[in-house]
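Beneath this line is the structure, given in structure tokens, with notes to follow.
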2 protein chains.
Amino acid sequence: MGIGTVSRVLNNHPNVSLATRTRVLTIANRLNWQPHPYARGLAKQKTNSILAAVPFYSTYFFVEVLRGVQSKLAEMEYDLILYGINDPHHIEEVLKKKSMRMRVDGVLFLSMTVPENFVEEYNRLKIPIVLVDTKRKDLDSVYVENVKGAHTATNHLISLGHKRIGMLNASMRSQPVQERLEGFRQAMDEAGLEIDPQLTVSSNSTILDGFTRECGYELMKELLNLGSSRPTAILVSSDIQASGALWAIEEAGLKCPDDIAVVGFDDIELARHLRLTTMRQPMFDMGVLAARKIEERINGSQLPPADNPFVPELVIRETCGARREHHEAPEPEMTA
Amino acid sequence: MGIGTVSRVLNNHPNVSLATRTRVLTIANRLNWQPHPYARGLAKQKTNSILAAVPFYSTYFFVEVLRGVQSKLAEMEYDLILYGINDPHHIEEVLKKKSMRMRVDGVLFLSMTVPENFVEEYNRLKIPIVLVDTKRKDLDSVYVENVKGAHTATNHLISLGHKRIGMLNASMRSQPVQERLEGFRQAMDEAGLEIDPQLTVSSNSTILDGFTRECGYELMKELLNLGSSRPTAILVSSDIQASGALWAIEEAGLKCPDDIAVVGFDDIELARHLRLTTMRQPMFDMGVLAARKIEERINGSQLPPADNPFVPELVIRETCGARREHHEAPEPEMTA
DNA sequence: CTGAAAGCGCTAACAT
DNA sequence: ATGTTAGCGCTTTCAG
């Protein structure tokens with residue numbers, strides 16, 4: 001029996017008699033045989049693996065997304081190669097040198113701005129890219145509708161009767177932050193509420209674009225220093241910052257829902273603990289979709305680059321003041 | 001100039017004149033050339049990538065470890081293939097079918113018990129395995145000294161004057177839990193303190209071996225139901241459970257350091273928020289070491305399988321009662 | 001020191 | 001339907 005035939009059954013080629021097919025299969029099974037992925041890859045010019053470039057710092061978010069990615073990828077018999085970018089400035093250098101080129105059939109960028117020349121090069125190599133948590137008109141993007149989300153969050157606060165609402169932001173350099181601020185503005189406008197510039201603060205920290213507890217803590221202190229003209233409620237651009245803000249509030253001897261209500265964004269694990277009202281992002285599902293999208297491209301889809309927006313969902317807990325009683329028990333664990 | 005020569009310079013083969021070497025290098029650079037990893041892998045019988053099998057649920061711990069692994073691996077020019085095991089029962093099936101066999105030079109198992117036949121098979125294939133956060137006499141293992149850690153934690157509580165100390169455990173099926181309980185016992189013994197069996201509770205939950213907030217919450221309620229014979233301090237086998245325990249304490253209208261002190265284990269991110277005193281595990285460093293160990297094996301080390309223990313470090317915050325004042329500011333962010 | 005040729009394990013095109 | 005053969009892109013003898 002020729003080696004070619006074996007190859008055929010392994011690749012489900014039609015021209016193989018059922019007899020030989022089963023014979024090959026059983027013998028392969030008995031020998032515990034598996035085709036060598038590299039040899040196959042070389043011959044087929046396909047690696048059956050995709051690269052995920054992630055900023056390692058946004059832990060909870062990216063873990064959830066990756067869970068989704070990996071789960072879909074496993075189903076597709078693809079491997080996930082993880083590449084953590086610690087210093088955003090080194091993205092290109094790193095990805096170049098790593099000769100990730102011929103090693104993967106596609107690449108996923110999470111929460112990262114892709115360098116222009118990188119896009120060009122991968123374009124030339126016909127290696128598709130899909131973005132997660134960022135957006136670009138010329139690439140497939142999977143992201144959350146930040147404007148809408150912030151809008152919803154703000155409306156919630158408004159519906160609770162708040163008038164003096166502030167927004168505590170991370171760095172305005174961050175695209176999601178800009179969008180979230182925009183949503184806030186829209187909602188305030190629509191409600192005919194004044195936006196006091198004093199109450200709209202943002203970070204100029206270079207550390208993680210201001211997505212840190214410290215940033216939330218410091219900015220909240222500023223807000224609190226406003227004294228009687230402080231806001232009665234604030235929207236915070238991320239849960240992690242909200243945690244810092246809550247800290248500042250507590251430290252100032254104030255009570256969270258009563259003296260000042262807060263709504264976060266993300267619904268990271270911590271949020272449940274803090275009983276933080278927030279906008280949930282369907283991270284796992286975003287990961288699954290991203291994997292699907294990259295697959296479509298790999299399989300030759302020529303559709304124009306598409307947006308794949310997800311709508312964040314308002315999770316009402318206690319920091320907004322809408323629910324003041326304690327629960328009997330903690331919320332159920334996320335399904336693992 | 002022959003293809004062979006090119007190959008030689010790429011592999012730093014000595015027999016190449018500096019003249020041709022630089023010539024090849026510059027031209028390669030100009031063409032933006034990179035050797036094809038699969039072709040190279042096929043020829044050299046080496047993939048230059050390692051597999052990390054991780055249980056996706058233990059998020060924070062594994063992210064940190066992986067950060068370490070990846071950082072070292074990148075340095076070694078190795079790729080990291082991530083495989084998330086959601087259902088522990090499927091480990092072998094999954095890894096078999098994935099034909100991970102010839103695809104990686106080594107495998108890392110995080111927080112997981114490796115199936116026996118898996119070990120045998122990889123042994124036969126000469127693909128080295130190293131364990132992280134678990135132990136096996138016949139494999140290299142990188143882990144934390146749980147006995148010592150629990151001992152230290154318990155001693156801390158004892159030094160604070162506590163006599164009625166309890167321990168709240170996850171499932172006794174978990175190796176780390178057993179070890180932590182052992183450390184607790186030793187410390188109590190050495191101090192001549194009685195261990196009230198009522199105060200040593202453990203979970204029989206099958207969900208994540210009881211490493212959940214709910215588990216901590218429920219077990220703490222049991223402890224609290226003891227009324228006046230309740231412990232004045234408890235050691236909890238993990239931070240995540242400690243968070244649930246704190247919840248139960250609060251819900252019962254009790255105050256944490258005052259009515260009952262608690263010390264956790266792990267130092268997950270959450271711990272800072274909760275101001276939880278806990279035992280820190282050097283997760284990143286464990287990852288780095290694991291990567292180094294696997295590299296040694298790949299490079300043919302024949303040393304007998306070795307233990308690589310790390311000693312956990314006591315992090316004193318407020319739930320133990322040793323520091324009662326609030327901080328001026330939150331602790332600095334972990335370096336990312 | 002360098003060129004030529006065989007081979008890594010598989011796929012795909014071409015015969016039969 | 002199946003056997004044969006020529007690559008896939010690189011490494012590695014073996015000559016020279």
Side-chain angles (χ1 to χ4, degrees), chain A residues 1-49 77-79 81 96-105 121 124-127 298-300, chain B residues 1-49 77-79 96-105 124-127 298-300:
Chain A
M1 181 174 45
I3 172 79
T5 306
V6 175
S7 177
R8 269 179 288 251
V9 353
L10 256 70
N11 291 284
N12 292 311
H13 191 96
N15 283 4
V16 157
S17 76
L18 201 142
T20 38
R21 155 157 284 131
T22 48
R23 195 154 71 90
V24 169
L25 252 25
T26 50
I27 197 169
N29 198 47
R30 184 158 55 70
L31 262 45
N32 207 0
W33 161 265
Q34 293 285 131
H36 187 130
Y38 275 34
R40 180 186 281 217
L42 230 207
K44 282 183 123 120
Q45 296 295 42
K46 187 165 189 297
T47 67
N48 256 73
S49 58
E77 308 255 280
Y78 265 72
D79 288 331
I81 296 187
K96 194 153 253 163
K97 159 166 116 218
K98 282 290 302 181
S99 83
M100 278 302 185
R101 293 191 217 307
M102 316 271 56
R103 214 204 184 312
V104 295
D105 298 334
E121 181 172 349
R124 198 166 349 101
L125 296 169
K126 306 273 183 225
I127 298 178
I298 292 173
N299 292 335
Chain B
M1 179 177 42
I3 171 79
T5 306
V6 175
S7 176
R8 268 179 288 252
V9 353
L10 256 70
N11 291 283
N12 293 311
H13 191 97
N15 283 6
V16 156
S17 75
L18 200 141
T20 39
R21 151 157 287 129
T22 49
R23 196 155 68 91
V24 169
L25 253 25
T26 50
I27 196 170
N29 198 48
R30 184 158 55 70
L31 263 43
N32 206 1
W33 161 265
Q34 292 287 133
H36 187 128
Y38 275 33
R40 181 186 279 219
L42 230 207
K44 281 183 125 117
Q45 297 293 45
K46 187 163 187 298
T47 67
N48 256 73
S49 60
E77 307 256 278
Y78 265 73
D79 289 329
K96 193 152 254 165
K97 157 164 118 220
K98 283 291 300 181
S99 84
M100 279 302 186
R101 295 191 217 307
M102 315 273 54
R103 210 196 192 318
V104 294
D105 298 336
R124 199 166 347 104
L125 295 170
K126 306 271 184 228
I127 297 178
I298 290 172
N299 291 336

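Lettering follows sequence order; numbering is per chain, from 1. What you see is a predicted model; the values in this text were computed from it and never measured.
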task = Would you mind telling me which residue lines up with the more 5' stretch of DNA chain C, Ala19(B) or Lys44(B), judged by nearest nucleotide?
result = Ala19(B)
message = Let's go through Gln45(B) and His36(A) carefully: what are the C-alpha distance in whole Å and the side-chain angles of both, what is the deciding distance for side-chain contact (heavy atoms from CB on, under 4.5 Å) to 0.1 Å, and is it a yes or a no?
response = CA-CA 10 Å; Gln45(B) 297 293 45; His36(A) 187 130; 4.1 Å; yes
request  = Begin from the C-alpha positions of Asn11(A) and Lys44(A) and carry the test side-chain contact (heavy atoms from CB on, under 4.5 Å) through to its verdict.
outcome  = CA-CA 11 Å; Asn11(A) 291 284; Lys44(A) 282 183 123 120; 2.7 Å; yes
ask   = Would you say a side-chain N or O of Arg40(B) is under 4.0 Å from OP1 or OP2 of dG9(D)?
value = no
message = Nearest heavy atom decides the nucleotide; on that basis, is Gly4(B) or Gly4(A) closer to the 5' end of DNA chain C?
response = Gly4(B)
remark   = Under a 4.0 Å heavy-atom cutoff, the residues of residues 6-16 of chain A touching DNA chain C are Ser7(A), Arg8(A), Asn11(A)
CG-OG1 distance between Leu25(B) and Thr20(B), expressed to the nearest 0.5 angstrom = 10.0 Å
query = Which heavy atom of Arg21(A) sits nearest a heavy atom of His13(A), and at what distance?
reply = NH2-O, 3.3 Å
task = Take the C1' atoms of the five end pairs on each side of the helix from dC1(C)-dG16(D) to dT16(C)-dA1(D), get both axes, and report the angle to 10 degrees.
result = 40°
ask   = Would you say Thr47(A)'s side chain and Gly41(A)'s backbone share a donor-acceptor pair under 3.5 angstrom?
value = no
Any Thr20(A) side-chain nitrogen or oxygen under 4.0 Å from OP1 or OP2 of dA1(D) = no
ask   = Is Thr5(A) near enough to dG3(D) that one of its side-chain N or O atoms lies under 4.0 angstrom from OP1 or OP2?
value = yes
task = Return the value, rounded to whole Å, for the distance between atom CZ of Arg103(A) and atom C1' of dG9(D).
result = 15 Å
ask   = Which pair of non-hydrogen atoms, one from Val16(A) and one from Arg8(A), has the smallest distance, and what is that distance?
value = CG2-CB, 3.7 Å
query = Between dC8(D) atom P and Gln34(B) atom CD, what is the distance in whole Å?
reply = 20 Å
request  = Kindly compute the distance separating OG1 (Thr26(B)) from CG (Leu31(B)), expressed to the nearest 0.5 Å.
outcome  = 10.0 Å
task = With rounding to the nearest 0.5 Å, note down the distance linking OG1 in Thr5(B) to CZ in Arg23(B).
result = 9.0 Å
key: Contact interval (first through last nucleotide) of DNA chain C with protein chain B, 4.0 Å heavy-atom   = dC1(C) to dG9(C)
note = In whole angstroms, the gap separating P of dG7(D) from CG of Leu42(B) amounts to 17 Å
task = State whether the side chain of Ser49(A) and the backbone N or O of Val104(A) hold a donor-acceptor pair below 3.5 Å, judged by distance alone.
result = no
inquiry  = In whole Å, I'd like the distance from the CG atom of Asn48(B) to the P atom of dT11(D).
reply    = 11 Å
request  = Write down the atom of Ile298(B), the atom of Lys46(B), and the distance for their closest heavy-atom approach.
outcome  = CG2-CE, 4.1 Å
request  = Provide, to the nearest angstrom, the distance between the CD1 atom belonging to Ile3(B) and the P atom belonging to dG7(D).
outcome  = 16 Å
request  = Quick one: closest heavy-atom pair of Arg40(A) and Leu10(A), and the distance?
outcome  = NH2-CD2, 3.8 Å
